[in-house]
2 protein chains.
Amino acid sequence: MEKTLKRMATMQRMQTTGLELFYSNGYYNTSVDDILKKLSLSKGAFYYHFESKEDFFIQIIQNLLARKIYSVLIEPIEGHDNPLERIEDCFDDALETAVHNEMDFGCVLNNFLTEFRGKDQKIMKHLFDIFSIWEVNLVSALQKGKFNGYVDRHVDCEAAATYLISSYFGVRTLMVGTAPSARKYRFMSQLRMYLKSLEPKAIAV
Amino acid sequence: MEKTLKRMATMQRMQTTGLELFYSNGYYNTSVDDILKKLSLSKGAFYYHFESKEDFFIQIIQNLLARKIYSVLIEPIEGHDNPLERIEDCFDDALETAVHNEMDFGCVLNNFLTEFRGKDQKIMKHLFDIFSIWEVNLVSALQKGKFNGYVDRHVDCEAAATYLISSYFGVRTLMVGTAPSARKYRFMSQLRMYLKSLEPKAIAV
DNA sequence: ACTTTAACCGACCACCCGGTTTGTTTTCTA
DNA sequence: TAGAAAACAAACCGGGTGGTCGGTTAAAGT
């Protein structure tokens, strides 16, 4: 698999700038030529390495997006005792990168999920797989927190995960407008309130 | 303004089916010909009534989207004493239409906001204006609720509005996948929890 | 009945995009 | 060092898109 060739270097260059442009302009609004122009490469090079634009994008999803989602949104949460604190920090960090107009991969996932809805079913499946992994890990982190006494035992962990992801996806849409920093601050204050409502209500009898 | 002519009828037909296709396929993925084919009309008719595709879309935003947003997401909330109950019902209704794959105009707004981000600044401004109106009204409804004793006086109404809209926008992305009905149920359960955390904490001294 | 004008048709244009093909350069290897 | 294979260049193709334009129908006014 690991063809220690020049091949890999070029493919990775294409994929990283591809993701950049797909993220900022959208998949359908980014032509293959746009990516190649930025790299001073030609169509021949592209179609030598990739079957099609769709195949190219799917490889980006699996090689870049999936791994980034894991390292930024999943790995920081799992394996700790108190998931609520971890979730708060994780969201805070992710939104902070968003404030600085850097690539926030949660937002990337959200954008692509809306862009491909009802259009490219194949790509949609890959995107949704990534999302599912995130969701499952968030649910199990909450359940573990419940087991360890950091989350109230009446909390519906699946519902909480849905709500958390929803709010996160949504706030990224709002942050493209005016004063993203202020919006982040407001969002985080209410997120903390919500997370507090998940804490154990009283000392168990 | 009101040219009681055939003009208006044709323009409205174009706009309604235009919104339908733009919503389900996206703006850039819907050609003018797609719309015209569905109406058995020709290019000549279209460009007789509208300057451009962009102008056409902006008119759709102002004539259809803005009014729908108002009647579905703003008007049901304003003018009542307890905003928390109204918000819950309003979101419930809106998501119920979403479950049935009908056009949920909040989702429409969310989709367009993500689709045009960084692309068409002119359209973006129009979309954001609509969003702002929604946000302002939600904030003032919460403040009024605070005044009337339905919302805790420590609540940051702007932050709460941000959080509510965020969660609403976000859940619509999740509902395109598996089991939208289940996701709606989970979302609503947590929304109720959050809204409860906005209620007055204790009887005032 | 005749003219005017609003409403509409459909061929056409320039452009863009994904993809193919043919040919050239680089790089590895025997 | 010769040749084969890998890596890339660039012209080209077919389909689609936003938009134009001269012409045609239908209605309205006189």
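Every chain is numbered from 1 and lettered A, B, ... according to where its sequence line falls, protein lines coming before strand lines.
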Using the side-chain contact (heavy atoms from CB on, under 4.5 Å) rule, take Thr97(B) and Met103(B) through it: C-alpha gap first, then chi angles, then the decisive distance, then the call. CA-CA 7 Å; Thr97(B) 73; Met103(B) 210 174 340; over 6 Å; no
Could you walk me through whether Tyr194(B) and Gln190(A) pass side chain to side chain donor-acceptor pair (under 3.5 Å), step by step? CA-CA 9 Å; Tyr194(B) 172 70; Gln190(A) 301 303 298; 2.5 Å; yes
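Taking the ring axis of Tyr23(B) as reference, the NZ or CZ atom of Arg117(A) stays within 45° of it and closer than 6.0 Å to the ring centre. Remark: Arg172(B) is not positioned above the aromatic ring of Phe105(B), lacking an NZ or CZ atom under 6.0 angstrom from the ring centre and at most 45 degrees off the axis.
Residues Leu95(A) and Met188(A) come closest through the heavy atom pair CD1-SD, 4.2 Å.
Annotation: proximity of residues 28-36 of chain A to DNA chain C (heavy atom, distance under 4.0 Å) is found for Thr30(A), Ser31(A), Val32(A), numbered in ascending order.
The interatomic distance linking Lys37(B) (NZ) with dT17(D) (C1') rounds to 13 Å, in whole Å. For the pair Lys43(B) NZ and dT20(D) P, the computed distance is 11 Å after rounding to whole Å. Atom OH in Tyr48(A) sits about 4 Å away from atom C1' in dA6(D), given to the nearest Å. Whole-Å rounding puts the Phe46(A) CZ to dA10(D) P distance at 18 Å. Tyr47(B) has its OH atom 17 Å from the P atom of dG22(D), to the nearest Å. Atom CD in Glu54(B) sits roughly 13 Å away from atom P in dG18(D) (whole-Å rounding).
Ring planes of Phe91(B) and Phe187(B): parallel class, angle under 30° (limits at 30 and 60°).
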Would you give a per-nucleotide map of nucleotides 24-30 of chain D, 5' to 3', where B means the base has a protein non-hydrogen atom under 4.0 Å away, S means only the sugar-phosphate does, and - means neither? -------
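Results of the ring-ring contact (aromatic ring centres under 6.0 Å, His included) test with Phe56(A) over Phe50(A), Tyr27(A), Tyr48(A) single out Phe50(A) as the only residue that passes.
Between Lys184(B) and Asp92(B), at least one side-chain nitrogen of the basic residue sits less than 4.0 Å from a carboxylate oxygen of the acidic one, meeting the salt-bridge criterion. With respect to Asp129(B) and Lys125(B), a salt bridge is recorded, a charged nitrogen being found less than 4.0 Å from a carboxylate O.
Within the 6.0 Å centre-distance limit, the rings of Phe116(B) and Tyr28(B) are counted as a close aromatic pair.
The backbone N or O of Ile133(B) lies less than 3.5 Å from a partner atom in the side chain of Asn137(B), making a donor-acceptor pair.
For DNA chain C, the span of nucleotides reached by chain B at under 4.0 Å from its heavy atoms goes, 5' to 3', from dA6(C) to dG10(C).
Phosphate proximity of dC8(D) to Thr10(A): present, with a side-chain N or O under 4.0 Å from OP1 or OP2.
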